[in-house]
Amino acid sequence: SMGARRQPLLFTITTAGFNRESACYRHRGYCTNVLTGAIKDDALFSVIYTLDDGDDWMDEKVWAKANPNWGVSVYPRKLQQALTEAKEYTSKEVEFKTKLLNVWTDTEQTWISDNIWKQCDADDDLDGEYCFGGLDLASTGDFCAFTLYFPAMHAVRTWYFLPEESVKKRNDAAGQAIREWVAKGHIIATEGNVTDYAFIKAKICELATKYDIKDIAFDRFNASQLVIELQNEGLTMFPFGQGFVSMSTPTKELERLVKDGKLRHAGNPVTRWMMSNILLRTDPAGNIKIDKGKSGDKVDGPVSIVMALGTAMQSASKENNNEFWFVTL
């Protein structure tokens, strides 16, 4: 903290690493969000020299991107020699990528790039349309997210809930952006310091009068009295497994819809921020899911989107009398 100084100025210079739970990686993620415009912070100036998505790290033609002093204090021959060892030893490959190319290892690059996500910024009149829901209930005092997926137009709408005391106490890098999103109505700040399930119930019931909600999936791990109360209101609720078997297919379908330009998310800035936080886990069978534990910050919105999409896919499968991948583990 440099609050005691009239004109504080802090320089931070570093290269990439492999610990994505570190303060360094969290700060790098924040800088990326500022650079893409997902978060506004005029007090921060950042430059990231690294490879672009899709670049072959063994291609000499792209190395200069990650080395601003290319040809001055960093010479091609040094990297060529290092590459020879990197091809033979995994440990050297990690060192080559992180220290010479400024590429973070330990997982794949950003799952869906911000540029691709922004291309799906389209709005629609959805009143009366049929849809499927995904409800991600967090622990008390944290983000909760509710998503509706409209199959006819591949549209998604997500509502976020956060206790107002949690908004005030959020003093990390994203805190300013969160308070701005609350002011603009992108996040609903509920009264108190714990999750207000009654408010969330009222909002979902209100949405049910506006849209034709067929089914709502929820995470059984964080299930609460809210689920029972929503069922008593006539809404169809069922548990949605959070393991690879349940999450992989709708996660891959979400990726396909975004990359094909078919998803329509109406430019929700909170969802955009959370998409940039995502890290994926892959099992030996090639199944994928969003890793809540290792992601640098909140990913509740995208998780609720995957659940809503999975619910719609489950329903379509039943209508076609097909055997489906869905389980509630």
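Computation of the quantities below employed the complete heavy-atom set of this structure, encompassing side-chain atoms and omitting hydrogens, waters and symmetry-equivalent molecules.
Ring to ring, Tyr160 and Trp181 are not that close: their centroids are 6.0 angstrom or more apart.
Of the charged side-chain nitrogens involved, none lies within less than 4.0 Å of a carboxylate oxygen, so that Lys40 and Glu180 do not count as a salt-bridged pair. Of the charged side-chain nitrogens involved, at least one lies within less than 4.0 Å of a carboxylate oxygen, so that Asp142 and Lys298 count as a salt-bridged pair.
The environment of Lys262 atom NZ is sparse: at most 12 non-hydrogen atoms of other residues, nucleotides or ligands sit within 6.0 angstrom.
Residue pairs that meet the ring pair (Phe, Tyr, Trp, His ring centres under 6.0 Å) test with at least one member in residues 31-53, sequence neighbours left out, do not exist here.
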Could you tabulate the donor-acceptor pairs under 3.5 Å formed by side-chain atoms of residues 187-199, not counting sequence neighbours?
from: Thr195; atom 1: OG1; to: Gly141; atom 2: N; distance (Å): 3.3
from: Asp196; atom 1: OD1; to: Ala198; atom 2: N; distance (Å): 3.2
from: Asp196; atom 1: OD1; to: Phe199; atom 2: N; distance (Å): 3.1

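Asn268 places a side-chain N or O within donor-acceptor distance of the main-chain N or O of Val270, the cut-off being under 3.5 Å. Asn102 places a side-chain N or O within donor-acceptor distance of the main-chain N or O of Ala16, the cut-off being under 3.5 Å.
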Open item on the list: Between Tyr75 and Trp63, is the ring pair (Phe, Tyr, Trp, His ring centres under 6.0 Å) condition met? List the steps.
Closed with: CA-CA 10 Å; Tyr75 297 97; Trp63 291 347; over 10 Å; no
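A donor-acceptor pair shorter than 3.5 Å cannot be found between the side chains of Thr311 and Asp215.
Evaluated for a side-chain hydrogen bond (donor to acceptor under 3.5 Å, both in side chains) with Arg157, the options Asp123, Thr271, Thr147 yield exactly one hit, Asp123.
Lys289 forms a cation-pi arrangement with Phe244, by the criterion of a distance under 6.0 Å to the ring centre and an angle within 45° of the ring axis.
Phe132 and Tyr130 have perpendicular rings, their planes meeting at more than 60° on a 0 to 90° scale where under 30° would count as parallel.
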